[in-house]
Amino acid sequence: MRNILTIMFTVLSLCMNAQIKLQPMFSDNMVMQQKTNAPIWGEVEHKGAMVRVTTSWNKKRYDAIALANGGWKVEVTTPKAGGPYEISIEEIVNGKATSSLTLHNVLIGEVWLCTGQSNMEMPLAGWGKIDNYEEEIAHADNYPRIRIINMKHVISPQPRTSIEALTDGWEVCSSKSIPEFSAAGYFFAVNLQRSLNVPIGLIATNWGGTLAESWTSEESLIQMPYFRDMIEKVKRMPNDPETLKQQYEEEERAYWQEVNNSDINFREDFPWAQCDFNDSKWNAIRQPGKIEENGLSGFDGVVWLRRQVEIPTSWEGKPLKLCLGPIDDEDITFFNGKEIGRTGIWFAPRNYDIPANMSKAGTAYIAIRILDTGADGGLTTDDGNVYLACGEERISLAGEWKYKTSVNLRDFPPRPVNMAYNPNLPTVLYNSMLNPLAGYALRGAIWYQGESNTDRAYQYRELLPLMINDWRTKWNSQLDFYIVQLANFMKKASQPEESTWAELREAQMLTAQHLENTGIACAIDIGMEADIHPKNKQEVGRRLALAALAKTYNKKVAYSGPIYKDYRIEGNKIRLWFEHIEKGFAKGATSGSMTIAGADRKFYKAHLRIEGETIVVWADEVAFPVAVRYGWANNPDGIIYNSAGLPMFPFRTDNWEGITSR
């Protein structure tokens with residue numbers, strides 16, 4: 001009989017609980033922001049029902065009346081950090097409780113949103129495998145007062161009120177729960193907890209490869225004319241993915257047809273491919289190699305490559321093979337003015353046959369028309385994969401080529417966008433992965449994003465502050481916001497260069513400097529040349545935490561590397577002043593990434609000398625300097641640190657037009 005009664009009581013409890021619906025962020029193990037009025041909301045079955053929320057820390061009751069859709073909301077007063085506590089919720093109809101539930105093991109502390117693209121999403125294990133990940137995962141058992149919740153990838157053309165999590169709700173940090181969570185977020189929390197000794201809650205909502213405009217609401221983003229047409233398209237999206245796909249394919253074909261038609265060389269005779277074409281005024285470029293790392297930083301469009309090769313007498317009249325490795329993205333390749341092949345797949349190796357009747361002893365001309373549709377471009381392979389062959393004999397084609405661009409995609413409207421399940425459409429991630437969270441009481445947010453916006457770095461100067469203020473409006477709170485400045489990536493820069501990544505870093509710094517309650521963490525020294533996902537997320541989290549400890553929690557800690565403040569021209573030298581040098585610059589600083597230019601805007605690698613709290617910069621080639629740049633490259637060399645071991649932020653003293661300013 002006792003067993004039957006127990007089963008009946010359990011079933012009755014489950015039925016009662018099922019009638020109260022809560023979002024995943026309201027669950028057992030949750031963390032609520034301390035010392036605030038924290039909203040709690042949900043749905044009940046009966047409209048007009050009274051919903052009573054009781055908090056164990058003060059035994060106080062908070063009542064609300066359910067709306068017509070069953071929705072309700074209360075604000076509970078939270079104490080200083082502590083716990084665990086319980087929160088009970090009851091639905092009361094005609095004076096009787098028809099359903100109830102209790103949230104257990106609730107902590108009060110500091111709650112942070114972790115968001116951005118793949119470098120924020122990057123887990124300790126899984127596809128991330130950060131430095132020493134197995135050891136770090138084992139140590140996670142030491143931090144049970146860190147609590148985590150991770151949201152699913154979902155897009156929506158319209159704002160949603162519900163959100164989906166990867167788990168049933170909040171989890172206690174442990175070696176079992178942490179492996180697939182944001183590594184940057186986790187180490188941020190570890191450092192905060194060590195210093196503050198309070199519970200830390202982390203809400204992760206991120207998606208690799210996504211654009212900042214996807215995380216911004218329509219109400220704010222519509223203020224930027226660039227996005228208005230696409231926002232309207234998003235709002236009118238049909239539900240049928242097949243229709244969206246067909247529409248995209250038609251628009252894509254028309255777009256590339258227009259691009260090709262604008263190339264004066266895209267005609268039957270292809271003048272730039274001919275043997276008698278004079279390319280003496282073309283610039284030189286090293287191939288194979290990504291063109292963005294060899295003089296064409298940030299370029300997308302059509303570029304022509306040409307070079308000569310001497311054909312031995314012994315090869316005359318024999319079939320040849322031209323091997324170029326993979327080309328990013330599409331190519332048409334010519335030998336002595338005649339097309340020998342074309343490929344429209346970026347990762348496919350190019351191995352083109354040259355008939356015996358085209359093989360003549362003496363000088364031959366190879367020309368390649370490359371259409372770079374985005375990101376990397378050029379002969380993206382190793383030296384050994386680029387050659388001309390006759391049987392087993394080879395002539396290497398690695399080295400200097402001539403190049404000239406004929407079409408720049410910046411001169412065209414934005415490319416058509418595939419609207420079918422595309423997380424990079426404006427507003428769609430805000431609608432689905434942020435709007436349902438809006439209002440949950442937070443201390444602030446940490447943001448690691450920007451890699452996907454580098455081609456529009458100047459626009460990011462407006463877009464990032466717009467997004468931050470958008471969130472603050474939606475949360476009705478002056479959320480503290482901390483940015484990870486983009487890490488170094490791609491080939492080390494041996495010479496001064498223009499850089500879309502440098503311009504994006506500048507946009508991030510300008511946002512941090514001009515927007516209240518906003519900070520930035522430098523990562524210019526912890527990136528990786530061949531991997532866009534740095535493995536040292538421990539240091540990313542530590543530097544974010546240092547910034548938060550100093551600016552949000554008023555701790556007296558060194559939290560920033562040197563930040564450029566001012567300069568003065570002194571004859572053939574320039575003297576620079578900085579903030580945040582602490583007790584001085586670290587010993588061993590070299591010229592590294594310092595470059596200097598005169599009025600001709602041509603930069604040269606500079607010498608430097610540290611004099612007290614200033615740095616003096618000069619170059620033998622520049623008699624009358626007017627500008628200095630530091631770290632102005634995708635992957636600069638020679639980082640300067642302050643006495644606290646924190647790296648100097650990249651900067652420039654000039655305001656000359658950038659490559660993404662159009």
Side-chain angles (χ1 to χ4, degrees), residues 20 22-42 51-64 72-90 100-114 140-151 165 167-174 177-178 181 185-186 188-205 437-446 475-480 482 517 545 548-549 551-555:
I20 298 177
L22 299 176
Q23 294 297 303
M25 56 277 195
F26 302 110
S27 74
D28 292 347
N29 306 315
M30 69 185 289
V31 180
M32 301 189 73
Q33 180 61 39
Q34 66 173 326
K35 295 186 287 189
T36 192
N37 294 319
I40 300 176
W41 64 89
V51 178
R52 174 163 294 165
V53 177
T54 306
T55 52
S56 70
W57 54 82
N58 57 5
K59 305 297 189 293
K60 189 173 180 179
R61 294 176 177 178
Y62 304 85
D63 293 339
W72 57 270
K73 182 179 183 179
V74 300
E75 287 189 354
V76 304
T77 302
T78 58
K80 67 178 182 180
Y85 299 108
E86 292 184 346
I87 299 174
S88 65
I89 304 171
E90 294 179 291
S100 66
L101 61 81
T102 300
L103 305 181
H104 302 278
N105 197 23
V106 175
L107 297 181
I108 307 296
E110 295 294 291
V111 185
W112 288 84
L113 190 69
C114 310
D141 290 325
N142 297 326
Y143 302 101
R145 292 204 302 162
I146 294 176
R147 305 292 172 82
I148 59 175
I149 184 170
N150 210 351
M151 299 305 171
T167 57
D168 291 335
W170 289 82
E171 295 182 292
V172 176
C173 177
S174 70
S177 64
I178 205 63
F181 193 76
Y186 168 67
F188 171 75
V190 166
N191 283 276
L192 283 190
Q193 192 173 91
R194 285 173 179 169
S195 180
L196 301 175
N197 193 29
V198 299
I200 305 293
L202 299 177
I203 302 174
T205 180
L437 292 169
Y440 190 94
L442 304 172
R443 174 64 68 194
I446 55 175
W475 260 266
N476 193 27
S477 170
Q478 193 69 2
L479 296 175
D480 289 357
Y482 292 97
N517 301 101
L549 288 169
K551 295 169 70 71
T552 297
Y553 300 107
N554 299 313
K555 299 288 184 180

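Heads up: numbering here begins at 1 and tracks the sequence. None of the values given here were measured: they were computed from a predicted structure.
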Colleague: Which pair of heavy atoms, one from G169 and one from S27, lies closest together, and at what distance?
Modeller: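 So the minimum-distance heavy-atom pair works out to CA-OG, 3.5 Å.
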Colleague: Indicate the atoms forming the closest heavy-atom contact of C173 with Y186, along with that distance.
Modeller: SG-CE1, 3.7 Å
Colleague: Drop me the distance from I108's CD1 to T78's OG1, to the nearest 0.5 angstrom.
Modeller: 5.5 Å
Colleague: Are the side chains of Y143 and I178 in touch, meaning some heavy atoms are under 4.5 Å apart?
Modeller: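 Side-chain contact under 4.5 Å: no.
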Colleague: Could you check if a side-chain atom of T55 sits within less than 4.5 angstrom of a side-chain atom of R61, using non-hydrogen atoms only?
Modeller: no
Colleague: For the residue pair T552 and Y482, confirm or rule out a side-chain donor-acceptor distance under 3.5 Å.
Modeller: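 The answer is yes; a qualifying pair exists.
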Colleague: I'd like to know if the side chain of S174 and the backbone of D141 have a donor-acceptor N/O pair within less than 3.5 Å.
Modeller: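 Not at all, since once roles are kept as given, no pair shorter than 3.5 Å links the two residues.
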Colleague: Minimum heavy-atom separation for T77 and N58, please, with both atom names.
Modeller: O-ND2, 3.9 Å
Colleague: With a 4.5 Å cut-off on side-chain heavy atoms, are T205 and L437 touching?
Modeller: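 L437 reaches T205 side chain to side chain.
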Colleague: With K35, which residues qualify under side-chain contact (heavy atoms from CB on, under 4.5 Å), at least two apart?
Modeller: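 With sequence neighbours excluded, K35 shows a side-chain contact (heavy atoms from CB on, under 4.5 Å) to K80, given in chain and number order.
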Colleague: For the residue pair N105 and P84, what are the closest heavy atoms and their distance?
Modeller: OD1-CB, 3.4 Å
Colleague: Apply side-chain hydrogen bond (donor to acceptor under 3.5 Å, both in side chains) to W112 and list each qualifying residue two or more places apart in sequence or on a separate chain.
Modeller: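 W112 satisfies side-chain hydrogen bond (donor to acceptor under 3.5 Å, both in side chains) with Y553 only.
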Colleague: Roughly how far, to the nearest 0.5 Å, is the CG atom of L101 from the CZ atom of F26?
Modeller: 12.0 Å
Colleague: Does a side-chain heavy-atom distance below 4.5 Å link L442 with I203?
Modeller: yes
Colleague: Which residues pass the side-chain contact (heavy atoms from CB on, under 4.5 Å) test with P39, sequence neighbours left out?
Modeller: W41, K73, E75, A441
Colleague: Could you measure the distance from the OG1 atom of T102 to the CG atom of D28? Nearest 0.5 Å is fine.
Modeller: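 Separation between the atoms: 9.0 Å.
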Colleague: Report yes if some heavy atom in the side chain of I200 is under 4.5 Å from a heavy atom in the side chain of F188; otherwise report no.
Modeller: no
Colleague: Where is the tightest heavy-atom contact between G109 and V31, given as atom of each residue plus distance?
Modeller: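 Scanning both residues completely, I find the closest heavy atoms to be N-CG1, 3.9 Å.
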Colleague: First locate atom CG of D480, then atom CG of N517, and finally report the distance between them rounded to the nearest 0.5 Å.
Modeller: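 One finds 5.0 Å between CG of D480 and CG of N517.
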Colleague: Kindly indicate whether the side chain of L202, heavy atoms from C-beta on, has any atom under 4.5 Å from the side chain of N150.
Modeller: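 No; the side chains remain at least 4.5 Å from each other.
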Colleague: What's the separation between atom CD1 in I40 and atom CE in M25, rounded to the nearest 0.5 Å?
Modeller: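 It is 11.0 Å, given to the nearest 0.5 Å.
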Colleague: Which residue pairs pass the salt bridge (Lys or Arg N to Asp or Glu O under 4.0 Å) test with at least one member in residues 101-114, sequence neighbours excluded?
Modeller: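 Every pair satisfying salt bridge (Lys or Arg N to Asp or Glu O under 4.0 Å) with a residue in residues 101-114: E110-R443.
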Colleague: Just by modelled atom types, is the A548 backbone N or O under 3.5 Å from a matching donor or acceptor in the K551 side chain?
Modeller: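 Absent.
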Colleague: Return the set of residues passing side-chain contact (heavy atoms from CB on, under 4.5 Å) with S195 (not counting sequence neighbours), or none when no residue passes.
Modeller: L549, K555
Colleague: Who passes side-chain hydrogen bond (donor to acceptor under 3.5 Å, both in side chains) against E90, sequence neighbours left out?
Modeller: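 Partners of E90 by the side-chain hydrogen bond (donor to acceptor under 3.5 Å, both in side chains) criterion come out as none, since no residue qualifies.
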Colleague: Quick one: pull up CZ in F181 and SG in C114 and give me the separation to the nearest 0.5 Å.
Modeller: 5.0 Å
Colleague: Could you list the residues that satisfy ring pair (Phe, Tyr, Trp, His ring centres under 6.0 Å) with Y85, not counting sequence neighbours?
Modeller: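 Only W57 meet the ring pair (Phe, Tyr, Trp, His ring centres under 6.0 Å) criterion with Y85.
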Colleague: Under the rule for salt bridge (charged side-chain N to carboxylate O under 4.0 Å, His left out), what residues qualify as partners of D63, not counting sequence neighbours?
Modeller: R52
Colleague: Does a side-chain heavy-atom distance below 4.5 Å link T167 with I148?
Modeller: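 Of all side-chain heavy-atom pairs linking I148 with T167, none is under 4.5 Å.
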Colleague: If we ignore hydrogens and angles and just use 3.5 Å, is the side chain of R147 paired with the main-chain N or O of N29 as donor and acceptor?
Modeller: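 A pair under 3.5 Å: yes.
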Colleague: Taking side-chain hydrogen bond (donor to acceptor under 3.5 Å, both in side chains) as the definition, give me every residue that meets it alongside E86, ordered by chain and number, with sequence neighbours left out.
Modeller: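 Partners of E86 under the side-chain hydrogen bond (donor to acceptor under 3.5 Å, both in side chains) test: H104.
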Colleague: Under the side-chain contact (heavy atoms from CB on, under 4.5 Å) test, which residues partner D168, sequence neighbours left out?
Modeller: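 In terms of side-chain contact (heavy atoms from CB on, under 4.5 Å), with neighbours along the sequence ignored, D168 is linked to no residue.
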Colleague: Not counting sequence neighbours, which residues clear side-chain hydrogen bond (donor to acceptor under 3.5 Å, both in side chains) with N554? List them please.
Modeller: none
Colleague: Between I87, L107, V111, which is the residue that forms a side-chain contact (heavy atoms from CB on, under 4.5 Å) with M32?
Modeller: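 The single option meeting the side-chain contact (heavy atoms from CB on, under 4.5 Å) with M32 is I87.
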Colleague: Would you call W72 and I89 a side-chain contact if the rule is heavy atoms closer than 4.5 Å?
Modeller: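 Yes - at least one pair of side-chain heavy atoms lies under 4.5 Å apart.
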